[in-house]
Number of protein chains: 2
Amino acid sequence: MRIGELSERTGTPRRLLRYYEEQGLIAAGRSPNGYREYDERFVDRVAQIRGLLDAGLPTRIIKQILPCLDKPRIIHFPDATPEMLATLELERDRLTERIECLTRNRDAMAEYLEAVRGDNRPDTARTPGDRDGRAGAV
Amino acid sequence: MRIGELSERTGTPRRLLRYYEEQGLIAAGRSPNGYREYDERFVDRVAQIRGLLDAGLPTRIIKQILPCLDKPRIIHFPDATPEMLATLELERDRLTERIECLTRNRDAMAEYLEAVRGDNRPDTARTPGDRDGRAGAV
DNA sequence: TCGAACCCTCACATCGATGTGAGGGTCAAC
DNA sequence: GTTGACCCTCACATCGATGTGAGGGTTCGA
């Protein structure tokens, strides 16, 4: 498929598909006329890139760890340089931290919403399972 | 405390503390000489702002939902305008999605790392609990 | 053979979060 | 009273991810 179709199927502007290629995240083939040529695998790949980008990883890092993540069913050990493993470990921990942080905030929001909806006494109220009274998250 | 101390205690550049104020996320008092004046509460507040920022929310949104999250022990229902609740609900769902996405990616990394470390046969291998053979995440 | 709908490569613009520095006050300690 | 460590307000720079458009090929159907 060409860039237009991939763009539509992934909901990603053409501009960005070219950008990801420029950053070394994807390597599209070219047909004789110079058009980029993609196969099915790119649909998932682009989705994954966007996921990681959205997770806050910069393209620089994504480029490093993507080879470890995108093998469809086989893990190629030769791919794993020590640097890559270190990066991967570090990013895994970063992600874990971030996930915890997000979860705390999400729960604080959910808690607030529940409190507002569930118990609408006139002015103020405590949240349901409010041990120390702090719904706030970090 | 003044901006320097808050900066140090939150690990946040002065510049950003001023920026957050400019964006309406925090409202510092002023001492007679014009210096910003902060109390203890700002330490948590700034941490929370950074957490949300890091979660990918823009200051615009943070400004909206922060009032729902930062009450130390009391939830003030009057704060909850319908728009705010809608935003909050939307962002909560967004966060949930994002958390799932991050978790998938984190698990894919962890899985890969485990596979690389646990079982180092010469060339290729399958990941441990590899049902469909896809370690990839989106 | 013409036009619409693709594609290409630059290359500059924008946006939000930050960095950096100039120009200038405040204040405590020496 | 001067120095050093604070603080202030601009205001321009940077950075990564994106938007946008100019200038120009390719393909295909009317």
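From a predicted model like this one, the values you see are computed outputs, not experimental measurements. Just so we're on the same page: letters track the sequence lines, and every chain starts at 1.
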A:R18 near the nucleic acid: base, sugar-phosphate alone, or nothing, with a heavy-atom cut-off under 4.0 Å?
base
Check the surroundings of atom CD in A:E8: do more than 12 heavy atoms from other residues, nucleotides or ligands lie under 6.0 Å from it?
no
Within the structure, does a side-chain N or O atom of B:Y19 lie under 4.0 Å from either OP1 or OP2 of C:dA17?
yes
Rounded to the nearest angstrom, tell me the gap between atom CD1 in A:I62 and atom C1' in D:dG16.
11 Å
Given atom CZ of B:R14 and atom C1' of D:dC10, what is their separation to the nearest angstrom?
18 Å
If you check every side-chain atom of B:I3, which of D:dC8, C:dC7, C:dA11 has the closest atom?
D:dC8
Report the distance from atom CG of B:N33 to atom P of C:dG25, rounded to the nearest whole Å.
14 Å
State plainly whether the residues A:E111 and A:R104 are in salt-bridge range, i.e. N to O under 4.0 Å.
no
How close or far is atom P of D:dC8 from atom CZ of B:R15, stated in whole angstroms?
13 Å
So, OP1 or OP2 of D:dC6: does either fall under 4.0 Å of a side-chain N or O from B:R36?
no
Got a donor-acceptor contact below 3.5 angstrom from the B:E37 side chain to the B:M1 backbone?
yes
Which whole-number value in Å describes the distance from A:E22 CD to C:dT9 P?
10 Å
Would you please confirm or rule out a distance under 4.0 Å between OP1 or OP2 of D:dT9 and any side-chain N or O of B:R30?
yes
Is the phosphate of D:dG16, meaning OP1 or OP2, less than 4.0 Å from a side-chain N or O of A:R60?
no
Answer yes or no: is there an ion pair linking B:R94 with B:E91, defined by an N-O contact shorter than 4.0 Å?
yes
A:Y20 OH to D:dG19 P, in whole Å, measures 9 Å
Counting just side-chain N and O atoms, does A:T59 come under 4.0 Å of either OP1 or OP2 of D:dG16?
no
Interatomic distance, B:I49 CD1 vs C:dT18 P [rounded to whole Å]:
11 Å
Return the value, rounded to whole Å, for the distance between atom CE of B:M1 and atom P of D:dC7.
12 Å
Would you find a donor on one side and an acceptor on the other, under 3.5 Å apart, between the side chain of B:S7 and the backbone of B:T12?
yes
Has B:R2 got a side-chain N or O lying under 4.0 Å from the OP1 or OP2 atom of D:dC6?
no
